[in-house]
Structures are given as C-alpha cells and as structure tokens.
Trainee: 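Before I ask anything, here is the structure I am working with.
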There are 2 protein chains.
Amino acid sequence: MSKHAKEMEGLKEHLGKHQLKFTRQRELILDAFLKQEHITAEEMYHQLARKDPHLGLATIYRTLNLFCEAGLAQARHFGTQTQYDNVSHKGHHDHLICTDCGKIVEFENCDIERLQEEVAARNGFTIQTHRLELYGLCSRCRH
Amino acid sequence: MSKHAKEMEGLKEHLGKHQLKFTRQRELILDAFLKQEHITAEEMYHQLARKDPHLGLATIYRTLNLFCEAGLAQARHFGTQTQYDNVSHKGHHDHLICTDCGKIVEFENCDIERLQEEVAARNGFTIQTHRLELYGLCSRCRH
DNA sequence: TTGAAATTGATAAATCGTCTCAAAAAGAAT
DNA sequence: ATTCTTTTTGAGACGATTTATCAATTTCAA
C-alpha cells in the first residue's frame, strides 16, 4: 500500500464525484507530487521519465490541474513558469522570496489568515484560497 | 499641461537617473495608464490604437515594465495574462478576486502589512514589495 | 465480458511576452 | 540650428509554456 494512502483516498473521492477515473498515471503523478513542496510540470516530466518513459507532458499538466481542482495543489506563477504547490499535507503556506538569489522561505501565519477572512467578509466574499508573496532581500543578499 | 503632472515628473526623474529618454510614446502610455486601476498590455494596445495606430505592442510591454522599475506600476499574473497595477496614486493595495465572475475589489490593511513585516524580520528578510491575493466568491456569485 | 465514457500520448497549435535590427527620435555638444 | 551619439521605436520573428486535437487505449459499471 502506498505511503500516501490518505491523499490517494482524497483524490479518489474527487474523481468519484466528477465521473473521472482512477488511472495508473494519476496514481504515479500523485505519488511523485506528494513528495514535493512545489514543482513545475517540466520538472516532474523529467523526474518521472525513468519510471514511465512514455508518460506525456500533456498528461502531467492535465493531472496537476486536476490536483488543483481537487484541492491538493495550488498553481502559482513564478518567473515564466507555473509552480504547483503541494497544499495537501499541511495548511496553506505563503512565501518569502529573495529578489536577488531566488531563495524561497515558506511560512504560515494564523493572524494574517484571520485578518484576511475579516477583509473578505467585509466585502461580501467567501475565500476559497489565497496567495501571499513577500519579496525582498534575504540576510545574505542585503549586503 | 497634463492632468498627471506629478507622476510625469516622477517618471522623468527615473529616466534621468538611468540615462533614458522621455519620448512621445512614454508620455502617451503613462497618461493612459494613470487613468486605470489595472490594465493588460493588450488592453492598452487596443485603447491607444486610435490615438496612435502605429504604436507597437512591444513598446507597450517595454514601457509598462519600465513603469514597474520606476515604481509606478506593479506586475501581477492573473489567469494567463499579466496585469499591470497602478500603484502611483495611492499606497500599495491588495486584491480580492472572484473566481467566478472575475470581479476585483481592492483593499488595504495596515494590520496585515505590519504582520508581514514581522514575519519577514523573523526570517532575516527586508521586504521590498509584496503581493496578496484572496480568491473566492463574491456575494453575487455565491448563489 | 462487453460497451460506453474517460484518458492517454504525440504533436499541432495557441498564447504571451521578449528579442532583433534597421530606421527614427531624443538630447547633449557644438 | 546642426551635428553626433545614444536610446527608442515598430514590425515581425522567435522562444517558452501551456492547451487543444484526435485516434488508440484504458477504466469501470452493467
């Protein structure tokens, strides 16, 4: 049995609700995805090339987008590419990004999240997801 | 004299510091940009086609990116396109975005900004800029 | 096992933004 | 004002990323 049984069940549930099918490729991609903090489609394509040389790039894109709809992943544009963040194993996390060296630090902050809810409620919105990115210089690059 | 004299001066100052030139196109694009809350390069291309049918799309991209460097604009990925936000006339603002109808509500929240500074400091970062986007359903689309 | 419906893989195509480069414009020096 | 150097422009080519197409395959319920 897979190490990611719980998430696998979550995916199957989503598939069932939407008349989608559980395939070998989706299982393979989910397994690889859950080992990552964030990954691009291209990176995953190369990672999985050994396990399944015939796995197509289009399938990876389709599947990562499926994960987003299922709430396991979240797409984020960084540079020219789309990063797919793993949001399945922990609460939502945000990013501190060094504009000089590209270093990424992940963090969570409940107070900020609570204030976000307040702002949304004040404007009649129901939050589904959010994105918070802080850009600046890390301690090393400040000098 | 233009309605946007102050911002025009700000741009000229940036141009002077970087050995760049003040051109008719940059003036035209700045004038159009400052009337917007946010705009894409493509939208601006169509808006300005009447005033100057020969204005090229590449020039618009180049100029909007210039505005980003000058601190008048801020680029933001939304969907597949890049939105250029007007940040010249007010402090930094964040976005509430309806995932259904695309409606965008802008807001500011000092408390959130303060917490962001705390998080950054705790991780040794000095914030230059940030981006906060809340995605959800607006009151109309929730039903 | 069968059959309808969904998925896949390969590649074409679309999209978006940047690069190229000759011609034009800006702005400093004369 | 004219000249000269540097920057900018416009048009389209180009590159990178993602999506669409479609015949062949796979899933899964009956």
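Per chain, numbering begins at 1; letters A, B, ... match sequence-line order.
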Trainee: May I ask you to say what E42(A) touches in the nucleic acid, namely base, sugar-phosphate or nothing, with a heavy-atom cut-off under 4.0 Å?
Mentor: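 E42(A): no heavy atom of the nucleic acid under 4.0 Å.
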
Trainee: Select from L20(A) and Q83(B) the residue whose nearest nucleotide in DNA chain C is closer to the 5' end of that strand.
Mentor: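 Between the two, 5'-proximity favours L20(A).
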
Trainee: So, OP1 or OP2 of dA10(C): does either fall under 4.0 Å of a side-chain N or O from H54(A)?
Mentor: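 For dA10(C), OP1/OP2 do have a side-chain N/O of H54(A) under 4.0 Å.
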
Trainee: So what does Q81(B) touch, heavy atoms closer than 4.0 Å: a base, only the sugar-phosphate, or nothing?
Mentor: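 Since only primed, P, OP1 and OP2 atoms lie under 4.0 Å of Q81(B), the category is sugar-phosphate.
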
Trainee: Of all the choices, dT7(D), dG9(C), dT7(C), which nucleotide is nearest to the side chain of Q25(A) once you look at every atom?
Mentor: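 Of dT7(D), dG9(C), dT7(C), dG9(C) is nearest to the side chain of Q25(A).
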
Trainee: Identify, with sequence neighbours excluded, every residue that meets ring-ring contact (aromatic ring centres under 6.0 Å, His included) alongside H54(A).
Mentor: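 By the ring-ring contact (aromatic ring centres under 6.0 Å, His included) rule, H54(A) matches no residue at all.
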
Trainee: What is the distance, rounded to the nearest whole Å, between atom CG of L28(B) and atom P of dT8(D)?
Mentor: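 After rounding, the reported distance stands at 17 Å.
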
Trainee: In terms of side-chain heavy atoms, does R142(B) have a donor or acceptor partner in T126(A) at a distance below 3.5 Å?
Mentor: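 A pair is found: one side chain offers a donor N or O, the other an acceptor, under 3.5 Å apart.
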
Trainee: Without decimals, in angstroms, what is the distance between L48(B) CG and dT9(D) C1'?
Mentor: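 Taking CG of L48(B) and C1' of dT9(D), I get 15 Å after rounding.
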
Trainee: Could you tell me how far apart Q19(B) (CD) and dT5(D) (P) are, to the nearest whole angstrom?
Mentor: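 Between P of dT5(D) and CD of Q19(B): 16 Å.
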
Trainee: Using whole Å, report how far CG of L64(A) lies from C1' of dT17(D).
Mentor: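 Distance check: L64(A) CG to dT17(D) C1' gives 14 Å.
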
Trainee: Would you check if the side chain of H14(A) reaches a backbone N or O of G10(A) as a donor-acceptor pair within less than 3.5 Å?
Mentor: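 It does not hold such a pair.
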
Trainee: May I have the distance from R24(B) (atom CZ) to dT9(D) (atom P), rounded to whole angstrom?
Mentor: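 So the two atoms are 9 Å apart, to the nearest Å.
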
Trainee: Quick check: any donor-acceptor pair below 3.5 Å linking the side-chain of K21(A) to the base of dA6(C)?
Mentor: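 Answer no: no donor N or O sits under 3.5 Å from an acceptor.
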
Trainee: Report yes if at least one side-chain N or O of R26(B) is closer than 4.0 Å to OP1 or OP2 of dT7(D); otherwise report no.
Mentor: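 R26(B) to dT7(D) OP1/OP2: no side-chain N or O under 4.0 Å.
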
Trainee: Taking the side chain of T23(A) as its heavy atoms from C-beta onward, which of dC28(D), dT7(D), dT8(C) lies nearest to it?
Mentor: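 Nearest to the side chain of T23(A) among the choices is dT8(C).
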
Trainee: Write down the distance between CZ (F22(B)) and P (dA28(C)), rounded to a whole number of angstrom.
Mentor: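 The distance from CZ of F22(B) to P of dA28(C) comes to 14 Å, rounded to the nearest Å.
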
Trainee: If you assign H77(A) and Y45(B) each to the DNA chain D nucleotide with the nearest heavy atom, which residue ends up on the more 5' nucleotide?
Mentor: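 Whichever sits nearer the 5' end wins; that is Y45(B).
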
Trainee: Is the number of heavy atoms from other residues, nucleotides or ligands within 6.0 Å of CZ (R114(B)) greater than 12?
Mentor: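 Above 12, so yes.
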
Trainee: To the nearest angstrom, how far is L15(A) atom CG from dT8(C) atom C1'?
Mentor: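 Roughly 15 Å, once rounded to whole Å.
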
Trainee: Do you see a donor-acceptor pair shorter than 3.5 Å between the side chains of Q47(B) and Q36(B)?
Mentor: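 Judged by distance alone, the side chains do pair up.
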
Trainee: Answer yes or no: is there a donor N or O on one side and an acceptor on the other, between the side chain of D85(B) and the main chain of V87(B), under 3.5 Å?
Mentor: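 A pair under 3.5 Å: no.
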
Trainee: dT8(D) P sits how many Å from L11(B) CG, rounded?
Mentor: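 Distance check: L11(B) CG to dT8(D) P gives 11 Å.
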
Trainee: Could D52(A) and R24(A) be called an ion pair, given the rule that one side-chain N must be under 4.0 Å from one carboxylate O?
Mentor: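 Looking at D52(A) and R24(A), the cut-off is met.
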
Trainee: Please list, pair by pair, any protein nitrogen or oxygen found under 3.5 Å from a nitrogen or oxygen in nucleotides 19-23 of chain D.
Mentor:
| residue | atom | partner | partner atom | Å |
| --- | --- | --- | --- | --- |
| dT19(D) | OP2 | N65(A) | ND2 | 3.2 |

